[in-house]
Amino acid sequence: MEEFHKVRRLPPYVFEQVNRLKASARAAGADIIDLGMGNPDLPTPQSIVDKLCEAVQDPRTHRYSSSKGIPGLRRAQAAYYARRFGVKLNADTQVVATLGSKEGFANMAQAITAPGDVILCPNPTYPIHAFGFLMAGGVIRSISVEPDESFFGPLERAVRHSIPKPLALILNYPSNPTAQVATLDFYKDVVAFAKKHDIIVLSDLAYSEIYFNDAPPPSVLEVPGAIDCTVEFTSMSKTFSMPGWRMGFAVGNERLIAALTRVKSYLDYGAFTPIQVAATQALNGDGSDIAEVRNIYKRRRDVMVESFGKAGFEVPPPAATMFAWAKIPEKFRHLGSLEFSKLLVEKADVAVAPGIGFGEQGDDYVRLALVENEHRIRQAARNIKKFLSTADETMHNVISLNAHR
Ligand SMILES: Cc1ncc(COP(=O)(O)O)c(C=O)c1O
């Protein structure tokens with residue numbers, strides 16, 4: 001029987017191959033240090049958990065909730081944007097709560113895409129950016145992920161040579177997987193470009209609060225007039241260590257928010273009310289929980305950069321996100337990121353995410369997630385050092401270390 005049309009458009013998940021190896025190594029007793037999936041390991045702050053427990057005692061919270069988010073939650077998100085970015089939002093018409101930003105993004109694609117619509121999407125990038133639109137019948141045209149002047153030449157060409165003219169442009173800074181951060185000046189140029197060509201801007205700001213220097217990542221909505229063409233997605237998963245709770249937001253242009261809200265109203269009844277109540281409290285907090293999470297990731301980042309560097313695996317320090325994006329050591333680069341990632345599981349007991357899983361432009365890299373503690377990150381570095389220093393003797397009959405891709 002032929003595969004269903006939509007399923008055919010979804011290639012097997014690359015990460016699944018590494019996950020399978022990881023599972024069988026663990027079943028055989030190996031202690032795999034998992035820097036693969038971006039799944040925060042930190043517990044949700046106790047005050048947020050307590051609020052959930054309190055709210056769940058009220059039977060009224062057990063009924064269907066509100067698909068677009070309870071009013072207090074939407075007001076809390078609007079207040080966050082005002083406080084953090086100086087962006088004023090109408091909580092009724094410019095904010096919708098989503099079941100995590102991934103769901104919001106995918107349903108925005110459902111809401112706005114007609115078959116064959118062209119979407120400009122960074123490569124490499126977080127998979128839902130492309131696959132959300134592919135599932136909705138769209139066509140992806142890859143663009144650069146570099147947030148500088150080099151972004152615009154190829155972008156201009158992509159617009160000129162796309163038929164039909166692209167519908168939307170996807171941004172994701174701080175970037176997963178590359179950890180690059182955009183400046184407000186870059187966003188100004190993007191918004192001017194989008195307006196000139198009448199293109200929608202969809203910005204994924206999942207890592208708004210996970211940054212390591214004195215320059216918090218800006219929102220594209222800070223650009224005057226950006227709201228005419230822009231929606232931005234944020235997430236509570238990383239900011240408050242709430243990945244399993246599934247709570248995120250889309251904010252921005254009223255017409256786009258209305259389209260997403262409408263589609264969602266047919267699909268879901270919103271997150272469980274106690275989750276929405278607890279999320280409201282989290283957003284209205286004093287920021288100390290966020291600062292603590294940020295500091296933990298920062299210390300892990302520093303340990304990773306130092307210990308991996310000493311082990312002979314250069315890891316550039318990411319300025320934001322919970323990931324490092326590291327070039328595969330030269331001797332192994334010809335293998336490609338999937339084979340190299342498999343080797344790390346088999347020979348060093350370390351799992352990483354192969355760059356190819358984020359797009360063809362990622363194949364010289366692996367992504368290292370800061371989701372193990374400092375002690376385990378140091379252990380990973382020791383394992384990798386041993387692997388790298390013995391590879392010549394132990395692997396010459398397994399793979400060619402001199403070949404070219
Ligand atoms: C860039 C980016 N966007 C969205 C998500 C998904 O976030 P959520 O848990 O809010 O769906 C992630 C999670 O890793 C991410 O890295």
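Both counts, for ligands and for their atoms, begin at 1 and track the order of listing.
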For this session: Apply the test ring pair (Phe, Tyr, Trp, His ring centres under 6.0 Å) to residues Y365 and F358: give CA-CA distance (whole Å), side-chain angles for both, the deciding distance (0.1 Å), then the verdict.
Result: CA-CA 10 Å; Y365 294 81; F358 304 94; over 10 Å; no
Exercise. Looking only at distance, does H129 have an N or O less than 3.5 Å from an N or O of ligand 1?
Worked result: no
Exercise. Applying a 4.0 Å heavy-atom criterion (strictly less than), which segment of N172 is in contact with ligand 1: side chain, backbone, both, or neither?
Worked result: side chain
Exercise. How far is atom 6 (C) of ligand 1 from its nearest protein heavy atom, and which residue and atom is that?
Worked result: Y126 OH, 3.4 Å
For this session: Could you tell me the residue and atom name of the protein heavy atom closest to atom 9 (O) of ligand 1, and the distance to it rounded to 0.1 Å?
Result: S237 OG, 2.5 Å
Exercise. Could E222 and R84 be called an ion pair, given the rule that one side-chain N must be under 4.0 Å from one carboxylate O?
Worked result: no
Exercise. Contact between E103 and ligand 1, counting heavy atoms under 4.0 Å?
Worked result: no
Exercise. Does the pair K386/D349 count as a salt bridge with the N-to-O cut at 4.0 Å?
Worked result: no
Problem set entry | Protein contact of atom 7 (O) of ligand 1 - nearest heavy atom, named by residue and atom, plus distance | S101 OG, 3.1 Å
For this session: Spell out, as yes or no, whether a donor-acceptor pair under 3.5 Å connects the side chain of E209 to the backbone of I290.
Result: no
For this session: Take every heavy atom of M236, measure it against each atom of ligand 1, and state whether any distance is under 4.0 Å.
Result: no
For this session: Report yes or no: is the cationic atom of R294 (NZ for Lys, CZ for Arg) under 6.0 Å from the centre of the six-membered ring of Y211, at an angle within 45° of the ring normal?
Result: yes
Problem set entry | 4.0 Å heavy-atom contact, Y207 with ligand 1 | yes
Exercise. In Å and rounded to the nearest 0.5 Å, what is the CG to CZ distance from L344 to F332?
Worked result: 8.0 Å
Seminar exercise, completed: If we number the atoms of ligand 1 from 1 as shown, the ones under 4.0 Å from a heavy atom of N176 are 1 (C), 15 (C), 16 (O)
Problem set entry | Spatial distance of atom CG (L205) from atom CG (L171) [nearest 0.5 Å] | 10.5 Å
Problem set entry | CG-CG distance between D31 and N383, expressed to the nearest 0.5 angstrom | 8.5 Å
Problem set entry | Closest protein heavy atom to atom 2 (C) of ligand 1, given as residue, atom name and distance to 0.1 Å | D204 OD2, 3.3 Å
For this session: Starting at NZ of K342, measure out to CG of L335 and round the result to the nearest 0.5 Å.
Result: 11.0 Å
Exercise. Which residue holds the protein heavy atom closest to atom 14 (O) of ligand 1, what is that atom called, and what is the gap in Å?
Worked result: K238 NZ, 2.6 Å
For this session: Output the list of atoms in ligand 1 that are nearer than 4.0 Å to some heavy atom of G100, sorted by atom number.
Result: 10 (O), 11 (O)
For this session: Measure from atom 10 (O) of ligand 1 to every heavy atom in S235, G104, P40, P177 and give the option owning the shortest one.
Result: S235
Problem set entry | Top protein contact for atom 11 (O) of ligand 1, by heavy-atom distance | R246 NH2, 2.7 Å
Problem set entry | Sub-4.0 Å heavy-atom contact, G248 with ligand 1 | no
Problem set entry | Cationic N near anionic O, under 4.0 Å, E330 to R333 | no
